[in-house]
Trainee: 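Mind looking over this structure? Questions follow.
All values reported here derive from a predicted model rather than from experimental measurement.
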Amino acid sequence: MKTFANTACTGLKIEDGRIKGVETERGYIEAEYVVVCAGLWGRLIAEMAGEDLPVMPVDHPLTFFKPFNEFEGTGKEIGYPLLRDQGNSAYLRDTGDPKSSEGGQLEWGYYEEKEPRMCHPRDILEKEEARLSPSQRDLELEEVIEPLERAMELTPVLAELGYDEKYSFNGLLQVTADGGPSIGESSNVRGLWYGVSVWVKDGPGTGKVIADWMTDGRTEFDHSSIDVARAYPFQCEEKYIHDRCYESAFKIYNPPVHNREPYTAARGKFRSPFWERENELGGYFMEIAGWERAHGYASNEHLLEEYGDKVPVRKAEWDSRHFFRVSNAEHLKMSEDVGMINLSHFAIIDVTGPDAEKLMEYTCVAKVGGDTPIGKGVYTHFLDHVGGVRADLTVLRLGEQHYRVIDGGDAGHRDLVWLKRMAQDKGFDAQVTNETQNYGCLGVWGPNARAVLEK
């Protein structure tokens, strides 16, 4: 293996949906597999393949204060100051060995809370243009003066030592549209792999994940949340990427982010045919895969009078945040009587063609072809090659050469890409298409569901 430093990639050669090689300043390199681990510049490489990635560089101010010598010569590395200032979205640490390039100083780092400064990779300076390096943008003191003054109140030694403008800079780091990096094989180009938006500390583990994934087809842990194929095409549009990443930038450090915290940016992408009625009923909308999804209705809060004693009371604000007690009451009512739920956000994938049955029989655990009646729905799983569960979903047999897969909204695109790859790898003549936006769906459940429908 050879390594070529300071050699720019100028293009990718792609034929029939497969990577063939890399164009560089020093010539062409033929390659059956290409792994993009270009850090901040990953999106620029993706553009060469005609796609984009839901990640975005953002300024991370790093300031330095003149030498702090209290620990010099003690040999006690564990004794160096280290402070996390959570309420100020900042931290402070000693840079260590005074003999190193930045050693002996105090470093104060800050994550911008008010107006994060995003930087598209195309706007990053070239190496010869940058004062320090392309990933170290110049920092104006005014950008951080307010939080820095608060830091000096907490740690007065900063003011005593004095700010060193020469060393201070905005270090670029990457934020993502959903909190996860872009790792895995491209959704559109076979053999093109990504390892983008990976922090330095995560590099070794990420390398092992990619190596296992490429060689074995699976990893030691569930990688669905980092799989680049999880992103739908609309989630790779430039404005969506910017808006979601801008919001993510506020949440890097402060405040703590609830695991059900809804995004407020890039909302309202998809609304079901029933959205207006749901809104009139006081729907409490969250979002999944671009769809506005009601998690309960204010119009049903009267049910708490009947079921309130059976609905858990979450007294702590953190426990109750983004949970709606009315939805518990609605489910209890549905279990005893009847209820209706909007399922339009579920992904709908159609599989058609002469080999549609072969593809579905190959991928599904349950029998969905053969003598399975047309019109029948079967709940089943997709498994990987060693029996691990990839997905759980419902398959409808709509014709001899027509199957419809009903999948979770967040998993839909990842499973669609996987089905396409299975058809391709096995040589099946089958077409796999996303039909989600062409249908609305309501589910009616409960012991009285049939009686209601009979009316």
Trainee: Angle between ring planes, Tyr240 versus Phe234, binned at 30° and 60°: parallel, tilted or perpendicular?
Mentor: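 The rings of Tyr240 and Phe234 stand perpendicular, inter-plane angle above 60°.
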
Trainee: Work out which heavy atom in Leu192 is nearest to a heavy atom in Ile19; give both atom names and the distance.
Mentor: N-CG2, 4.0 Å

Trainee: May I ask you to check if Lys251 and Tyr263 form a cation-pi contact, with NZ or CZ under 6.0 angstrom from the six-membered ring centre and within 45° of the axis?
Mentor: yes

Trainee: Using side chain to side chain contact (heavy atoms under 4.5 Å, CB included) as the criterion, list what pairs up with Glu126, not counting sequence neighbours.
Mentor: Glu128, Glu129

Trainee: With a 6.0 Å cut-off on the ring centroids, do His413 and Tyr232 count as close?
Mentor: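 Between Tyr232 and His413, which both carry aromatic rings, the centre distance is below 6.0 Å.
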
Trainee: Measure the acute angle between the ring planes of Trp213 and Trp193, then classify it against the limits of 30° and 60° as parallel, tilted or perpendicular.
Mentor: perpendicular

Trainee: Using 30° and 60° as the class boundaries, would you call the ring planes of Tyr253 and Tyr91 parallel, tilted or perpendicular?
Mentor: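 The rings of Tyr253 and Tyr91 sit tilted, inter-plane angle from 30° to 60°.
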
Trainee: Assign the ring pair His381 / Tyr379 to parallel, tilted or perpendicular, where the plane angle (0 to 90°) is split at 30° and 60°.
Mentor: perpendicular

Trainee: With under 30° as parallel and over 60° as perpendicular, where do the rings of Tyr111 and His60 fit, or are they tilted in between?
Mentor: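 It falls in the parallel class, under 30°.
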
Trainee: So do the side chains of Phe285 and Arg293 get within less than 4.5 Å of each other, counting heavy atoms only?
Mentor: no

Trainee: Quick one: SG on Cys245 to CZ on Phe250, what's the gap to the nearest 0.5 Å?
Mentor: 12.5 Å

Trainee: If the plane angle is over 60° it's perpendicular, under 30° parallel, otherwise tilted; pick one for Phe382 and Trp418.
Mentor: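 Tilted.
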
